[in-house]
Amino acid sequence: MSGVRGPGWEAPVTVAELVNAGPLAGARMYGAGENPVRGVRIVDEPSVFATVTPHTAVVLIGTAASGGWAVEMAMRRAWEQAAACVIAPAGGLSEGSGEVLAERLGVTLIFVDEDPLVVAVRVASAASRPDAARTQLVARCATRLAEAGASARRVLGVLNAELPGTSVAFLDRYGATLAGRRDALADQPVRRDTPRAERPASAATGDTSRDEPHEASRDTPLDASRAVSREAPREAPREATGEAAPGGRSRWSAEVVVPDEDGGVLGTLVAAGSSRSPGWPAVVRTVLELAVAPLTAWAARERLRASRDFALQASLAERLLTDPGPAPEPRPQDEVEGGGSARAAAIALGWPIRGPLTAYRIRPLAEPGQAPPVGPGDGPLAYALITAALGQVPVLTRGDGWAGWSALGPSDLAERLGQALRSMPWPCAGGAGAQVEGLGGLTESLLGAEAAAYVAGGAGVVRRADRMGPAELLGALPTAALRAPAAVVLRPLLAIDRDGTLLETLGAVLDEGGALRAAERLGVHRNTITTRLDRIKSAGFDLDDAATRLALQLACHVMLC
């Protein structure tokens, strides 16, 4: 395990470490267990207490452990000598009385079922070599994490089971909990509505300025490539010196960024707890580092599944559109299964699910009277070509084409869409919707992208919904199908319009919004337009009515195409 040690690694082990993750594992402990253990003293009779030094683990045997009064007296003497803890064989004192006594005297009491002399040897070894004891814990965590495999839930289960007194959570890049325990966030002051950035080095050393959120996490999205590509070492676990926990302990927290396979940020592992031991946060930090690889492997596995199963990722995208609300809050102290949720899977796939989003639509173009050039089996190829140009984005089946969304703005998305269209073996047009604030607004953006794709028309052409005017929308109308209804609307006008002049004038006035601009467009005098409008109105058309103007404008467009 060379290379895993950090600051505080050789600090004395605490009683809690010995019980929860060391040679006293399985013993029953009463009291905080936060005192450091610097040595061991075997006590077989009360007179030996005179030789007990502070921070010593007292192991009772013989007459010193016989009967409840003997253990109670030993506890009082241990308190006088500032001992770290008292270790007694089970049965010498009722556990209910032991709990009360430990709380009253402030001395940790531990009951063991095995031979106290064997226990004393193991505790003495751990106290003399705290780095070795912690290395054993790290090695055991490494083994269990390898057994957990590529599963966010199982990885977090190992961390919370193997790190006593510590709560660990796995946050997505937006700061929402994917798996783990919610109380791990108690010491995290940064905002959760934007992707997280790594803390500056000053925040890693216990500087009380850590209560101020990092500049990058306040209002701006995280530059993922910059956050994980820096060569500077990650910060040490932060100790929140400004907040004291019960019993004189200090709250601390640590963060480790989890990168994805593309060099971006998948999420953050966050751990929090309270301890007097300066070595314990260093151990936690090392174990968190070990968990990075399986979490990255989990994301890589999800991406591989999506690339192999187009229907699977399309179904996931549909679920996100149907239920765009935030993930439910995890229950306190419970481990949350994030691996099976739509949100967790989307994060693993690298999809944007929060912040500004823009929808896209790709529409295959068919020759007049012919079927679309693509079939149901072309989805996987389209997925590969679209994600190659747009990055990790969802790809849904829409009609005879595909749709989805991206974190890119409309301008950049339109440019990338053009690249995707040029790489496709079928003639296609594309559309980019308006940018919206999150998943909840994507339906509107998708409708705009759909309209823009129909307006685009030619192969390889991409149009933006936020730049479409009335002329572009009218250009998408199916004129062949609407010609008969348009003729019905315009029948009174067509009956008096021998040469089409009135129809052309009406269309120009409605398109241009007035007689003056219509006159300029047609190259005639304004009075000529006014005279023609009088004739149009005499046919029974009320041009002051908005609904009438809309119907006439649509009909004129169809008839004049």
Side-chain angles (χ1 to χ4, degrees), residues 11-43 49 52 54-61 64-65 68 70-127 130 133-134 136-137 140-141 160-167 183 245-252 273-281 283-284 333:
V13 294
T14 61
V15 177
E17 283 187 72
L18 295 175
V19 173
N20 294 311
L24 295 180
R28 295 173 298 284
M29 180 180 74
Y30 299 97
E34 295 293 340
N35 289 325
V37 179
R38 300 182 182 275
V40 176
R41 190 70 171 93
I42 298 174
V43 175
F49 270 103
V52 172
H55 304 301
T56 296
V58 175
V59 179
L60 303 181
I61 64 172
V71 175
E72 182 173 349
M73 183 185 68
M75 290 284 288
R76 294 179 182 276
R77 294 296 303 275
W79 174 77
E80 293 173 354
Q81 300 297 118
C85 64
V86 172
I87 302 173
L93 181 68
S94 70
E95 297 197 10
S97 300
E99 182 176 5
V100 173
L101 192 59
E103 181 179 352
R104 186 173 66 204
L105 295 177
V107 177
T108 302
L109 175 60
I110 300 170
F111 290 112
V112 294
D113 295 319
E114 54 188 321
D115 187 344
L117 292 175
V118 175
V119 171
V121 172
R122 293 206 302 263
V123 172
S125 175
R134 288 167 176 145
Q136 291 178 0
L137 168 63
R140 184 171 73 248
C141 289
N160 281 304
E162 292 290 343
L163 299 176
T166 301
S167 296
D183 55 350
R249 294 169 286 169
S250 295
R251 296 289 298 177
W252 59 268
S274 60
S275 175
R276 285 179 180 161
S277 170
W280 182 242
V283 174
V284 172
Q333 304 298 333

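What you are looking at is a predicted structure, and each value in this text was computed from that prediction instead of being measured.
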Distance col, row L24:CG vs R122:CZ, nearest 0.5 angstrom, shows 7.5 Å
Between the CD1 atom in I61 and the CG atom in D115, the distance rounded to the nearest 0.5 Å is 8.5 Å
Work out which heavy atom in [X] is nearest to a heavy atom in [Y]; give both atom names and the distance.
{"X": "A84", "Y": "P36", "result": "CB-O, 3.4 Å"}
{"X": "A102", "Y": "G31", "result": "CB-N, 4.3 Å"}
{"X": "T56", "Y": "A83", "result": "O-CB, 3.4 Å"}

Using only atom types and a distance under 3.5 Å, with no angle test, would you say the side chain of E162 pairs donor to acceptor with the backbone of C141? no
Those residues at least two apart in sequence (or on a different chain) that pass side chain to side chain contact (heavy atoms under 4.5 Å, CB included) with R38 are P12, H55
A120 meets the side chain to side chain contact (heavy atoms under 4.5 Å, CB included) criterion, sequence neighbours left out, with V40, I42, V59
Across all chains, not counting sequence neighbours, the salt bridge (charged side-chain N to carboxylate O under 4.0 Å, His left out) partners of R41 are none
For D113, the salt bridge (charged side-chain N to carboxylate O under 4.0 Å, His left out) test, sequence neighbours excluded, returns R28
In short, salt bridge (charged side-chain N to carboxylate O under 4.0 Å, His left out) pairs touching residues 77-87 with sequence neighbours left out are R77-E80
Scan the side chains in residues 103-111 for donor-acceptor partners under 3.5 Å anywhere in the protein, sequence neighbours excluded, and list what turns up.
| unit_1 | atom_1 | unit_2 | atom_2 | d |
| --- | --- | --- | --- | --- |
| T108 | OG1 | G33 | N | 3.1 |

